[in-house]
Amino acid sequence: MNKHLNFIIDGLKRIENGDYTTPISLKGDNELAPIAEHINSIQKQFLVRENQLKLAHEEMQKRLLEKTKDLENFLQELKESESNYGDLVQNVNSIILRMTPKGNVLFFNEFAQKFFGFTEKEILGKNVVGFIVPERDGADKDLRALIEDIGKNPGKYVNNENENILRDGRRKWISWSNKGVLDKEGNTKEILCVGHDITHRKETEEALRMAKEAAEEASRAKSIFLATMSHEIRTPMNGVLGMTELLLETKLSSEQRQKVETIFKSGEALINLINNILDFSKIEAGKLEMEKTDFNLHQVLTDLGSLFKEIFNKKRILFHTSALPGVPVWVRGDGYRLHQILINLLSNAVKFTEKGEVTLTAESKQDYPFQVCFRVKDSGIGIPSHKLDELFQPFTQADSSTTRKFGGTGLGLSIARKLAEIMGGNIRAESVLNQGSIFTLSLPFEKAHEEVVPMDAPEPLTINEVLSKEARILLIEDDPTNQEVIMGMLKHLGMNAELVQNGSEALAKLKQESYSLVFMDCNLPDMDGYSICKAFREWEKTNGSDRRTPIVALTAYAMIGDREKCMAAGMDDYLSKPLRGRELRAALLRWLGEAEKEDILPNQENRVEGSAALREIRIELGEEAIPIMKNFLKDLKIRQASIKNAIEKKQLRQLSREAHTLKGASLSLGFNRLGELAKKFEELGESRQIEGTEELLAYLTIETNHANETLRKELEKT
């Protein structure tokens, strides 16, 4: 037994010493044999585990070696990357600097050093504000406050542009992108700034700004030149046309009359030329406004036929107009500009056609929106094919010799084409030399707003106008010729006027005397008409004047906004030079005229009129009548202005609506003459008749003023 036990002890000692290969040799039926077998089994397991551990250790050693090599490689690459990054930061074509939240420089890359001319030693620790950047940036921001703001908002990019100071004193514009950088505690430890030179861009912007200002100045100079030219030409033309018109009112022989009429027509032609130049200027400036009103397209052709019939007859040229089937009668568009373009095309046809015929036809190319082609065909001198495109260039004609032979500036066709393009259409020309030309105008039109029902035109009014001979008229005019013309026209109309030649004297006269009507030139020495009018209107207010003196502007300026300028100064009306007798007469009628009742309106004997009617209304309605009268008084001038505006813009349907409203209100309050007058306007609008409205407008002013005065007096009693 002891022997067997020693075998087991020896085996355990071998295992203890790490020998797992020698088993315990103990066999037989003795009692210790199972123990020996169990120990041998454990020994075998130890051997397997030892081999596994050995293999695992070897694998781990291998992997550790590989990781060590990888780490060595990574550290080498990192070292190289840091070197490359440093080179990149130092040499990139961008200014890179880092600074403290207070603006002291921590880092300044080599590109920045070369750009500014400072070494790193010279700039490190310096505050950027006042050293390389000014106190404020290009948007006038305080840079110290900007830096503080960046520091308070880490992670947020802040961009700014400013002029920067180089070492040699030169200044360069830089666009900066700035961002705060946080430390581990979340505080801003520094600010990273990246900048790019934008001096060239800024110089280009400045050059463009200066070029724009120069162009605008040139445009202003051109506008001033055109306005001045218009004024300087219109002023003597007022004398030429005015004196010619007065001369035509005298007894003349047929030969004298023919020559005077030639002078008058030549003057009219010159005024048309001025208007063309002004139109051209407005088109170039983009200030030409187009209107959209309902008008009779067929009537335009008929009117042109009547207008040119006599002209073609004198040259013994056949002329006819026609609208082919399918051309709409009523359309919506700018009838005035259509008329202007076709007059230009027909005028050219007259000018360049000596024999044969001229035709104007209209043809519809599309149902809706209506596309209408107008063709002006002549049998005139024709145009070489290589010259066709030049026709529509300003101040250009197909042959310069035609200017001497036929006259003209070459502006007409250029304006006509530009007008057509603004209206959404075009003009093209076809021609064969010595055989004739065809000009085709293609324009789109909209459908008229409402179906137009033809009506019989109202009977023309025969008005016996009466101008008050007691009226005191003041003419303020410095030009001797204009003085003679206007005074002569007034005398011809049976009116007398006082004359003042300068601004200060005119203002003194207006304050000292009471005038029924004032005609005021706007361009006076020592004090212009606008200043006089403003000063006088202020004087009227402060001196408690119960009457507003009507002032009519007389001006040779005819640019966009001149009328509005006169109205803004306090003037009541506007007449453009050269002045026509009919225009002066209409102005006198508007402000001084009275009409014989039986000539303008139906019998009123059964109606209560004016103040008597208002008294009846007050008795019937009591206090409720007061707001009614006040509302009518407030609306009266607005309605009058709307009617005048509708007539000026040829918006006849609008005229009908405005007149209808005025008619009902006027008749309701007993202003029967005003109501009947409004009814006439309503009928003219419904029948699409513009003729006759000019005279009626004068009477509308008279009746509106009468109603206004009557209402005020009645309301003063409350």
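Residues take their numbers from the sequence shown, with the count starting at 1. Atoms considered below: every heavy atom in the structure, side chains included; atoms not considered: hydrogens, waters and symmetry mates.
- Heavy-atom minimum distance, A416 versus N344: CB-OD1, 4.3 Å.
- Taken from NZ in K315 to CG in N313, the straight-line distance is 12.5 Å, to the nearest 0.5 Å.
- Evaluated for a side chain to side chain donor-acceptor pair (under 3.5 Å) with E255, the options K259, R257, Q258 yield exactly one hit, K259.
- The backbone N or O of Q371 lies less than 3.5 Å from no partner atom in the side chain of S442, so there is not a single donor-acceptor pair.
- Ring geometry for F445 against F374 counts as perpendicular: the plane angle is over 60°, on a 0 to 90° scale with 30° as the lower cut.
- Atom CG in L636 sits 7.0 Å away from atom CD in Q640 (nearest 0.5 Å).
- For the pair K355/R316, no side-chain contact is recorded, criterion being any heavy-atom separation below 4.5 Å from C-beta on.
- Annotation: side chain of L700 is in contact with side chain of F681 (closest heavy-atom distance under 4.5 Å).
- We find the CG-CZ distance between L345 and R375 to be 13.0 Å, quoted to the nearest 0.5 Å.
- Using a 4.5 Å heavy-atom threshold, the side chains of T440 and I427 count as separate.
- Looking at D378, its side chain does come within 3.5 Å of a backbone N or O of S437 through a donor-acceptor pair.
- Across every non-hydrogen atom of L575 and A587, the tightest pair is CD1-CB, 4.0 Å.
- At least one side-chain heavy atom of V350 sits less than 4.5 Å from a side-chain heavy atom of F312.
- In the displayed structure, K292 atom NZ is contacted under 6.0 Å by at most 12 heavy atoms of other residues, nucleotides or ligands.
- Here the shortest heavy-atom pairing between E357 and S379 reads N-OG, 3.1 Å.
- D573 has its side chain within reach of W591: a pair of non-hydrogen atoms, C-beta onward, lies under 4.5 Å apart.
- Counting only heavy atoms from C-beta outward, the side chains of V331 and F295 approach each other to under 4.5 Å.
- Rounding to the nearest 0.5 Å gives a distance of 8.0 Å between OG of S322 and CG of L301.
- Annotation for H298: atom NE2 counts as buried by contact number, over 12 foreign heavy atoms lying within 6.0 Å.
- To the nearest 0.5 Å, the span separating CD on E658 from CZ on R639 amounts to 4.5 Å.
- Checked for salt-bridge contact, K680 and E676 miss the test: no charged N lies under 4.0 Å from a carboxylate O.
- Summarising the geometry of G305 relative to F319, their closest heavy-atom pair is CA-CE2, 3.8 Å, with the distance given to 0.1 Å.
- A 4.5 Å side-chain heavy-atom check between M571 and Y530 finds at least one atom pair inside the cut-off.
- In this structure, F632 and F671 have parallel ring planes: the angle between them is below the 30° cut-off, well short of the 60° mark.
- Of all heavy-atom pairs between V358 and L346, the closest is CG1-CD2, 4.2 Å.
- Here the closest heavy-atom approach between residue A420 and residue I341 is recorded as N-CD1, 3.9 Å.
- Distance CG/N705 to NZ/K637: 4.5 Å, rounded to 0.5 Å.
- Side chain of S431 to backbone of G436: a donor-acceptor contact under 3.5 angstrom is found.
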